[in-house]
J.: 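Mind looking over this structure? Questions follow.
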Amino acid sequence: MTQYLSDKFKVLSLISIILVLYIHSGFHDYPNEIQGMIFNANLQNFISGMIGRCAVPLFYAISGYLFFTGLYGGRNANYQKLWFKIKKRGKTLLVPYIIACLFPVVFNLALEFIPGIEQFVNNKGISKNFHQPIDKILIFIYFDSGNGSPYAFHLWFLRDLIFIVILSPILLYASEKTSKYAVCGILFVLNYFTIPILPSSGMFWFMFGYCFLDKLSNLKSIFIPVIFTVLCITEILYPCELWKQIKIPIIIIGITSIWILYDKFCPKDFEIKKHNVLMKACGFTFFIYLFHEPTLNIIRKILIIPFYHSSFGFAFSYLASPWIFAVIWIIIGIGFKRIMPHIYSICTGGR
């Protein structure tokens with residue numbers, strides 16, 4: 001992998017986490033939020049719903065490319081190296097997942113005992129869930145809190161990624177015996193079926209990254225981002241069932257668009273190490289992802305207080321919250337890493 005591609009992955013991961021923050025900064029169609037505010041609904045739908053839907057697939061694709069690189073050269077798969085990578089992911093994925101899942105539990109438990117803080121908290125009364133058997137408590141925290149996600153709902157991606165890594169020997173073996181493109185195609189088809197437990201969507205994007213991510217630079221036409229933008233606007237203006245059926249192809253166009261725009265703005269001589277602020281920010285992408293909930297929720301609700309219940313206030317909070325939160329969390333991350341480097345390394349898997 002070239003240094004340019006390595007830098008690209010770092011910057012695109014930062015862009016993706018900003019999009020994830022936008023997804024989680026949106027306000028709901030409730031009477032006490034943006035119900036009836038058409039501008040706000042369309043603004044959030046375009047950024048979070050249309051562009052933001054590319055963020056998690058891009059994370060999966062980058063993870064798949066990095067994981068499978070060097071494991072299969074076209075003849076025999078290197079299973080010894082595969083097992084090494086799986087064990088390494090125990091440190092870089094599983095340990096951070098176990099720790100990060102506890103963060104919102106402890107955070108919300110603490111907030112329950114602070115008077116007047118309820119308005120800034122979405123998940124109220126978490127303590128009532130701890131009057132259950134230990135196995136149900138662990139399932140609630142780490143696997144499914146009742147909505148298909150762990151209690152730290154944003155960590156469903158990491159949960160599924162860990163599961164995909166566990167299944168990776170099957171994916172590699174199938175790729176060796178048939179072809180990686182055939183496996184990717186089968187996973188694409190499986191996305192149109194409901195298969196309990198199996199993270200078929202994440203598996204497809206994981207394999208998509210392995211198959212195609214390094215080939216996207218061959219596509220240079222600026223019309224691809226234009227086509228993606230037109231499709232997004234059309235989907236907002238004319239919603240129908242068809243869009244759900246072609247969601248994956250549209251996201252592929254979206255990921256390709258992001259890739260092309262990066263190549264346009266960052267030429268081949270671009271080096272992230274020459275841009276200190278950007279390099280520093282990219283170093284805390286995973287830290288922001290792990291611990292942005294429920295803290296982001298507090299930031300976005302504080303920002304609307306001066307504007308009361310207004311369209312401008314909700315729009316300002318939505319647009320500003322991800323960037324303000326990212327800056328605050330990077331500063332916290334810098335301090336955390338400087339004061340307790342060993343603990344920080346454990347929490348972030350050595351990143």
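Heavy atoms only: backbone and side chains are in, while hydrogens, waters and symmetry mates are out.
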J.: Considering only heavy atoms from C-beta outward, does the side chain of S149 approach that of L155 to under 4.5 Å?
T.: no
J.: Can we call the ring centroids of Y151 and F140 under 6.0 Å apart?
T.: yes
J.: Taking only residues two or more places apart in sequence, or in another chain, which ones meet F336 in a ring pair (Phe, Tyr, Trp, His ring centres under 6.0 Å)?
T.: Y344
J.: Evaluate Y97 against C101 for side chain to side chain contact (heavy atoms under 4.5 Å, CB included), listing each step before the verdict.
T.: CA-CA 6 Å; Y97 179 74; C101 278; 3.5 Å; yes
J.: Around Y79, counting heavy atoms of other residues, nucleotides and ligands shown, do more than 12 lie under 6.0 Å from its OH?
T.: yes
J.: Ring centres of Y65 and F9 under 6.0 Å apart?
T.: yes
J.: Is there side-chain contact between I255 and P57, with at least one heavy-atom pair below 4.5 Å?
T.: yes
J.: Ion pair present between D263 and K8, side-chain N to carboxylate O less than 4.0 angstrom?
T.: yes
J.: Indicate yes or no for a side-chain donor-acceptor contact from K337 to the backbone of S345 under 3.5 Å, with no hydrogens or angles considered.
T.: no
J.: Do F265 and F270 have ring centres separated by under 6.0 Å?
T.: no
J.: Does K215 use its side chain to pair, donor to acceptor, with the backbone of C211 at less than 3.5 Å?
T.: yes
J.: What's the spacing between L94 CG and L161 CG if we round to 0.5 Å?
T.: 11.0 Å
J.: Determine, step by step, whether T295 and N297 satisfy the side-chain hydrogen bond (donor to acceptor under 3.5 Å, both in side chains) criterion, reporting the C-alpha distance in whole Å, the side-chain angles of both residues, the deciding distance to 0.1 Å, and the verdict.
T.: CA-CA 5 Å; T295 41; N297 185 57; over 6 Å; no
J.: Any sub-3.5 Å donor-acceptor pair from T285's side-chain atoms to C282's backbone N or O?
T.: yes
J.: Keeping T256 on the side-chain end and I252 on the backbone end, is there a donor-acceptor pair under 3.5 Å?
T.: yes
J.: Is any side-chain heavy atom of H28 less than 4.5 Å from a side-chain heavy atom of I34?
T.: no
J.: Look at the side chain of R351 and the backbone N and O of F284, then say whether any donor-acceptor pair between them is shorter than 3.5 Å.
T.: no
J.: Measure the shortest side-chain to side-chain distance between F59 and I17 over non-hydrogen atoms and say whether it is less than 4.5 angstrom.
T.: yes
J.: Mark yes or no for whether D144, through its side chain, and G148, through its backbone, hold a donor-acceptor pair below 3.5 Å.
T.: yes
J.: Would you kindly confirm whether I328 and F325 end up in one hydrophobic cluster when ILVMFWY residues are joined by side chain heavy atoms under 4.5 Å apart?
T.: yes
J.: Show the nearest heavy-atom pair for residues S257 and I224, with the distance to one decimal.
T.: OG-O, 3.4 Å
J.: For residues F143 and L93: do they belong to one hydrophobic cluster (side chain heavy atoms under 4.5 Å, members Ile, Leu, Val, Met, Phe, Trp, Tyr)?
T.: no
J.: Which heavy atom of S311 sits nearest a heavy atom of M37, and at what distance?
T.: CA-SD, 3.7 Å
J.: When you check the side-chain N and O atoms of Y181 and S175, is any donor under 3.5 Å from an acceptor?
T.: no
J.: How about F206 and Y60: are their ring centres within less than 6.0 Å of each other?
T.: no
J.: Within a reach of under 6.0 Å around OH of Y192, are more than 12 heavy atoms found that belong to other residues, nucleotides or ligands?
T.: yes
J.: W243 side chain to Y238 main-chain N or O, any donor-acceptor pair under 3.5 Å?
T.: yes
J.: Looking only at atom types and distance, does a side-chain atom of D160 sit under 3.5 Å from a main-chain N or O of P199, one as donor and one as acceptor?
T.: no
J.: May I ask whether L213 and L261 are part of the same hydrophobic cluster, defined by side-chain heavy atoms of I, L, V, M, F, W, Y residues being less than 4.5 angstrom apart, directly or through others?
T.: no
J.: Quick one: does L171's side chain get under 4.5 Å of Y210's, heavy atoms only?
T.: no
J.: Would one find more than 12 heavy atoms of other residues, nucleotides or ligands at under 6.0 Å from atom NZ of K244?
T.: no
J.: Verify whether one side chain among H24 and H292 offers a donor that lies under 3.5 Å from an acceptor in the other.
T.: yes
J.: Within the 4.5 Å heavy-atom criterion, are E235 and M50 side-chain neighbours or not?
T.: yes
J.: A side-chain contact here means heavy atoms from C-beta on lying under 4.5 Å apart; do Y318 and Y22 qualify?
T.: yes
J.: Within the supplied structure, the quantity of interest is the number of heavy atoms (other residues, nucleotides, ligands) at a distance under 6.0 Å from Y262 OH; does it exceed 12?
T.: yes
J.: Taking the side chain from S317 and the backbone from G313, do they hold a donor-acceptor pair closer than 3.5 Å?
T.: no
J.: How long is the span from the OG atom in S201 to the CD1 atom in I195, to the nearest 0.5 Å?
T.: 11.5 Å
J.: Please indicate whether F84 has more than 12 foreign heavy atoms, meaning atoms of other residues, nucleotides or ligands, lying under 6.0 Å from its CZ.
T.: no
J.: Between T2 and L5, is a side chain to side chain contact (heavy atoms under 4.5 Å, CB included) present by the stated rule, with each step listed?
T.: CA-CA 5 Å; T2 65; L5 184 58; 3.5 Å; yes
J.: Which distance, rounded to the nearest 0.5 Å, do you find between the CZ of F212 and the CG of L219?
T.: 11.0 Å
J.: Does a sphere of radius 6.0 Å around NE2 in H131 hold more than 12 heavy atoms from other residues, nucleotides or ligands, not counting ones at 6.0 Å or beyond?
T.: yes
J.: Are any non-hydrogen side-chain atoms of N108 and P294 less than 4.5 angstrom apart?
T.: yes
J.: Kindly give the heavy-atom pair with the smallest separation between F188 and I248, and that separation in Å.
T.: CE1-CG2, 3.5 Å
J.: Under 3.5 Å, is there a donor-acceptor pair between the side chain of E293 and the main chain of H154?
T.: no
J.: What distance do I99 atom CD1 and C347 atom SG have between them, rounded to the nearest 0.5 Å?
T.: 4.0 Å
J.: Assess the side chains of Q44 and N40: does a donor N or O sit below 3.5 Å from an acceptor N or O?
T.: no
J.: Within this structure, what is the CZ-OG1 distance for the pair F291 and T348, rounded to the nearest 0.5 Å?
T.: 8.0 Å
J.: Of the non-hydrogen atoms in L303 and S321, which two are nearest, and what is the gap between them?
T.: CD1-OG, 3.4 Å
J.: Out of curiosity, does I331 fall in the hydrophobic cluster containing I302 (side-chain heavy atoms, cut-off under 4.5 Å, transitive links)?
T.: no
J.: Which residue, Y308, F27, F307, forms the ring-ring contact (aromatic ring centres under 6.0 Å, His included) with F314?
T.: F27
J.: Begin with the C-alpha distance, continue with both residues' side-chain angles, and end with the deciding distance and a verdict on side chain to side chain contact (heavy atoms under 4.5 Å, CB included) for V95 and I346.
T.: CA-CA 7 Å; V95 173; I346 293 173; 3.9 Å; yes
J.: Tell me the closest heavy-atom pair linking M279 and I272, and the distance in Å.
T.: CB-O, 3.6 Å
J.: So does I38 have more than 12 non-hydrogen atoms from other groups sitting under 6.0 Å from CD1?
T.: no
J.: Check the surroundings of atom NZ in K264: do more than 12 heavy atoms from other residues, nucleotides or ligands lie under 6.0 Å from it?
T.: yes
J.: Establish whether V327 and I18 are linked, either directly or via other cluster members, by ILVMFWY side-chain heavy-atom contacts under 4.5 Å.
T.: no
J.: To the nearest 0.5 Å, what is the distance between CD1 on I304 and CD1 on I299?
T.: 12.5 Å
